[in-house]
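In what follows, a structure is listed as structure tokens, so that the remarks can point back to it.
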2 protein chains.
Amino acid sequence: MDEAAIHGILSRLLMAGTLPGSVKLGEHRLAEIFGVSRERIRKVLHRLGHERLLEIVKNRGAFTIEPDLREGRVVYEARRILESGMAAHLADNLTEAQIARLRQHVDAEADALRSGDQPTWLRLSAEFHFLLAEMTENPIVQRQAHELISRTLMLVKRYETTAGSACGCEEHRAIFRALAARERGKAVKAMHSHLSLVETRLRPTICVEEGPSLEEVIAHEIAVYREANGAALMAAG
Amino acid sequence: MDEAAIHGILSRLLMAGTLPGSVKLGEHRLAEIFGVSRERIRKVLHRLGHERLLEIVKNRGAFTIEPDLREGRVVYEARRILESGMAAHLADNLTEAQIARLRQHVDAEADALRSGDQPTWLRLSAEFHFLLAEMTENPIVQRQAHELISRTLMLVKRYETTAGSACGCEEHRAIFRALAARERGKAVKAMHSHLSLVETRLRPTICVEEGPSLEEVIAHEIAVYREANGAALMAAG
DNA sequence: GGCGCTAATTTTGTGCACAATCGCTAACAG
DNA sequence: CTGTTAGCGATTGTGCACAAAATTAGCGCC
């Protein structure tokens, strides 16, 4: 298990938001769970801290962050700023192939929503924004957008009322339509209002529901990783 | 000399663009220069790599990046996307006090330009964009903008023809005027065209001019740091 | 019984030594 | 003369051991 793998597993785990806030991620404990040396965990932890996926307190260790709604406001504001700019750029530069790809994605979202497949829809819903970031074909923007979207995923998983999520699909379609028509102003507006609406859907639910232990959660995530990795290896070989 | 200090010194050094590209920053060598252990340097180097201020090659070490014009295109595109979004946001949300502050800054830029004080003007010119980022009052946007602007500083210092720089002042004023008038569309346009113009001013000068040695450059930077730090200490005490 | 202080324990931070890897050079074969 | 390979030197990566810091538990005192 190399550094990249551990980083991937932990970052996915943190983005999923399955852990409550302020959970201590002890170096020694993680080292035992992953079966690697403490230094390797240490490096990964500091990197995750730099990516703002957890909080590093000097001489105290790493803690999962409680993404409170106050911080949520900041993240969504940042997304409105960045993704509005992205929308403007994309409206001017999308190729026909990219537009087709977007249409396909929005349709898939609608399908998942109609069939009541909520996990799939949730995933596709996030991927829509990742997809837009990719289409800028700008690695810097991609990284910045990735970081922001990751952080909102934690928020959504924790605070969003599932009922409210349902209406998001039409908003994505509105963005798509404006982009496809290359109407810059309309695309920016659609993106802006979409992100504002998602933000308003966050409810301060007092969720202190206790999940399984850290060991179990990570074990599951490792299993998922091995599965995906195995599949990739088969495809490659 | 703690980690933060070393990071600050090196990041300022790299942003200044005084070093040519592909200069090797050996861990042992830097450790000796700063008079600290290799591990501390190591940590800082990796962090700087993560911030894309230098390049880390596995088993090879850290190298200053040659900010070639190809990469410059990407950075400026990212800035157009992000700072256009910022301009739109600011046009809607600036306070009167902030507008006054901006006016003051633009005037200072004009003064510096008129009096031919090029170093000051160059600094103010960059600070204009930092100032706009600050005024979003959004720490995430501030960090992202900071990273982008830092990277362009390297480019400008290296590739921009000094003669061409002179016309940038009016562009900043145009942005300011649109923001002050709260004309969102105009502000976005002004920002977009400004960043495009700056980019076109970059010339592929074949500058292989050899500067002083790494030791000398860093020694100078350390002196600057101590001076600033000393002043801060005096003000604090 | 509550509060504050101290000591012990646990956890992170750091320096050091060794191992692994890479590039370079030189020698040898074709 | 050129291309390839093996050995060497240098530099980074990693595990380990120790040091520093913080939390907690225990104890005495008010």
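Each chain gets a letter, A, B and so on, in the order the sequences are listed, and its residues count up from 1. Keep in mind that the numbers below use all heavy atoms, side chains included, and drop hydrogens, waters and symmetry copies. Predicted model, so just to flag it, every value in this text is computed and none were measured.
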For residues 32-40 of chain B, run the donor-acceptor check on the side chains, cut-off 3.5 Å, and write out each pair with its distance to 0.1 Å, sequence neighbours left out.
from, atom 1, to, atom 2, distance (Å)
B:Arg38, NH1, B:Glu27, OE1, 2.6
B:Arg40, NH1, B:Met1, O, 3.2

In numerical order, the residues of residues 26-39 of chain A whose heavy atoms come under 4.0 Å of DNA chain D are A:Ser37, A:Arg38, A:Glu39
### Query
Hey, would you say the A:His105 and A:His172 ring centroids sit under 6.0 Å apart?
no
Chain B vs DNA chain C, heavy-atom contacts under 4.0 Å, first-to-last nucleotide span, 5' to 3', is C:dT14 to C:dG23
Here the gap from B:Arg42 atom CZ to B:Leu30 atom CG, rounded to the nearest 0.5 Å, amounts to 12.5 Å
Quick note, salt bridge (Lys or Arg N to Asp or Glu O under 4.0 Å) partners involving residues 124-135 of chain A, not counting sequence neighbours, are A:Arg123-A:Glu127
Check B:Glu3 with B:Lys43, please: is the shortest side-chain N to carboxylate O separation under 4.0 Å? yes
Exactly one candidate in B:Glu199, B:Glu83, B:His129 meets side chain to side chain contact (heavy atoms under 4.5 Å, CB included) with B:His194; the answer is B:His129
Here the distance between atom C1' of D:dT11 and atom CZ of B:Arg60, to the nearest Å, is 10 Å
Item to check | Greater than 12 external heavy atoms within 6.0 Å of B:His28's NE2 | outcome: no
dist A:Leu54:CG -> A:Leu25:CG (nearest 0.5 Å) comes out at 6.0 Å
Taken in chain and number order and not counting sequence neighbours, the residues that satisfy side-chain contact (heavy atoms from CB on, under 4.5 Å) with B:Asp117 are B:Ser115, B:Pro119, B:Thr120
Does atom NE2 (B:His50) have a neighbourhood of more than 12 heavy atoms from anything else shown, all under 6.0 Å? yes
The correct set of residues in residues 40-56 of chain B placing a heavy atom under 4.0 Å from DNA chain D is B:Arg42, B:His46
